[in-house]
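Both ligands and their constituent atoms are indexed starting at 1 by order of listing.
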Amino acid sequence: MAPIAIPTSTPVAVASKAPAVKSPDPDTTNGKLSPALTAMFHNWSTFSFAPIRESTVSRAMTRRYFHDLDTHAESDVVIIGAGSCGLSCAYTLATLRPDLRISIVEAGVAPGGGAWLGGQLFSAMVMRKPADVFLRDVGVPFEDEGDYVVVKHAALFTSTVLSRVLGMENVKLFNATAVEDLITRRHHEGDGEDGEEGEGKIRVAGVVTNWTLVSMHHDDQSCMDPNTINAPVVVSTTGHDGPFGAFSVKRLVGMKQIEKLGGMRGLDMQAAEDAIVKGTREIVPGLIVGGMELSEVDGANRMGPTFGAMVLSGVKAAEEVLRVFDL
Ligand code: 48N
C-alpha cells in the first residue's frame, strides 16, 4: 500500500501580536491604593484586628450555608459541574434570567474543571472565533490572532467567569459536593420514542448530592445517605475524564434510558468543536448535556487544548434551559 502522503506543513507565519483587547476597566483606583490601605504602611506596630469569638466565625459560615441549602433545596435549575461549560451556562442563564434560582454542584473544592491551564500544563488558553464574543461579554482580555484568540492565562478566563457568576444573587455554588445520582419521575406523558407506553421512560427532576469525600468512600464506610435538590431542569457538564467524568450519561445507561455511550473519539479540532456546540441538547426530559460529557454520549471527537466549544456549548445549554422553561 502506497505510503500516506503527509502534507509538508509550511511554517505558519506567527501573526503579528495584535494589542490585547482590554476588558472594560475594572473599578480600580487607577493603579493607586486607597488612602485607608496606604495608611497601613509603616503602622504595623499599632495595628490590631477587631475582637472576635470563634463561635461567631462558625455561625457566620454555617448560618449562611444552611440558609442556602434550605433555599436551594428547591431550585429552578441545577448545573452539575463548574468547568468551562458549566460556568458559561451559569453566566448566560443567570444574566438572562435573574429570576431563576440556579444551583451549581461541583465535586471539586476548586471549581473550574480543566480550564485552569491551556494544554499540557501550558498556561495560555486558545479559543477559536466566534467564541471571542463570549469573552467580550464577560470582560476577559485576549490577544486577537485572526481566526482565533489567546487569553494569556487560562486562569484569567476561569477566575473572571467565576467571579461574575459568584457575584450573581440568583446563583449558589455548592463545591466539594458531588452529584451521586439523579432524582427521576416516571415519564408517562404520551408514548416513548418507539411507540411503547411511557413506562420505563423517566423525567429528571433534580439531583442527589453528598460531600465528595463521602461519595468517594461509599465502598469502605457503612451507608452514608445523601441529600437532594429538586429542580425541573438539570444541566450536566461533568466532562469526559476525572473520577466522576461523564457522570449523568453513564447514569442514564445504568437506568436503561440510553442504550450505550457512543464513546469519545480521537482528537479532531475541526470536527469536534462544531459537533459539541450543535449537539448540546436535552438528552432525556429534564436533563440537558453539554461540554465534553456530550462527546461521551454522541461519540464526538475530542478537540484537545481549545476551549471555544466549551463556552458556546454552555451558551447553547442555557438556551435549551430557557426553551424548556418557556414551553
Ligand atoms: O472542565 P470539565 O472537565 O468539563 P467541561 O465540559 O466543562 O470542559 C471540558 C474541557 O476542560 C476539556 O476537556 C478540554 C476542552 N479538552 C478536551 C480534550 O480533548 O481533552 O469540568 C467538569 C467539572 C469538573 O470540575 C468536575 O469536578 C465536575 O464537573 N464533576 C462533577 N461535579 C459534581 N458531581 C459530579 N458527579 C461531577 N462529575 C464531574
Measure from every N or O atom of ligand 1 to the protein's N or O atoms and keep only the pairs below 3.5 Å, writing each with atom names and distance to 0.1 Å.
| from | atom 1 | to | atom 2 | distance (Å) |
| --- | --- | --- | --- | --- |
| ligand 1 | 1 (O) | G114 | N | 2.8 |
| ligand 1 | 6 (O) | M292 | N | 2.9 |
| ligand 1 | 7 (O) | S84 | N | 3.3 |
| ligand 1 | 7 (O) | C85 | N | 3.0 |
| ligand 1 | 8 (O) | S84 | OG | 3.4 |
| ligand 1 | 13 (O) | H240 | NE2 | 3.4 |
| ligand 1 | 16 (N) | G304 | O | 3.4 |
| ligand 1 | 19 (O) | R302 | NE | 2.9 |
| ligand 1 | 19 (O) | M303 | N | 3.3 |
| ligand 1 | 19 (O) | G304 | N | 2.7 |
| ligand 1 | 20 (O) | H240 | NE2 | 3.3 |
| ligand 1 | 20 (O) | R302 | NE | 3.4 |
| ligand 1 | 20 (O) | R302 | NH2 | 2.7 |
| ligand 1 | 25 (O) | E106 | OE1 | 2.8 |
| ligand 1 | 25 (O) | E106 | OE2 | 3.0 |
| ligand 1 | 27 (O) | E106 | OE2 | 2.7 |
| ligand 1 | 32 (N) | A107 | N | 3.0 |
| ligand 1 | 34 (N) | V179 | N | 2.9 |
| ligand 1 | 36 (N) | V179 | O | 2.9 |
| ligand 1 | 38 (N) | F244 | O | 3.3 |

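- With sequence neighbours excluded, the residues satisfying side chain to side chain contact (heavy atoms under 4.5 Å, CB included) with A231 are S75, V78.
- Under the ring pair (Phe, Tyr, Trp, His ring centres under 6.0 Å) criterion, the residue pairs touching residues 99-138 are Y91-F134, with sequence neighbours excluded.
- Listed by chain and number, the hydrophobic cluster partners of V109 come to none, as no ILVMFWY side chain reaches under 4.5 Å of it.
- There is a side-chain donor-acceptor pair under 3.5 Å between H72 and S103.
- Between the side chains of T280 and S313, at least one donor-acceptor pair of N or O atoms lies under 3.5 Å.
- Proximity of a side-chain donor or acceptor of T212 to a complementary backbone N or O of A176 within less than 3.5 Å is detected.
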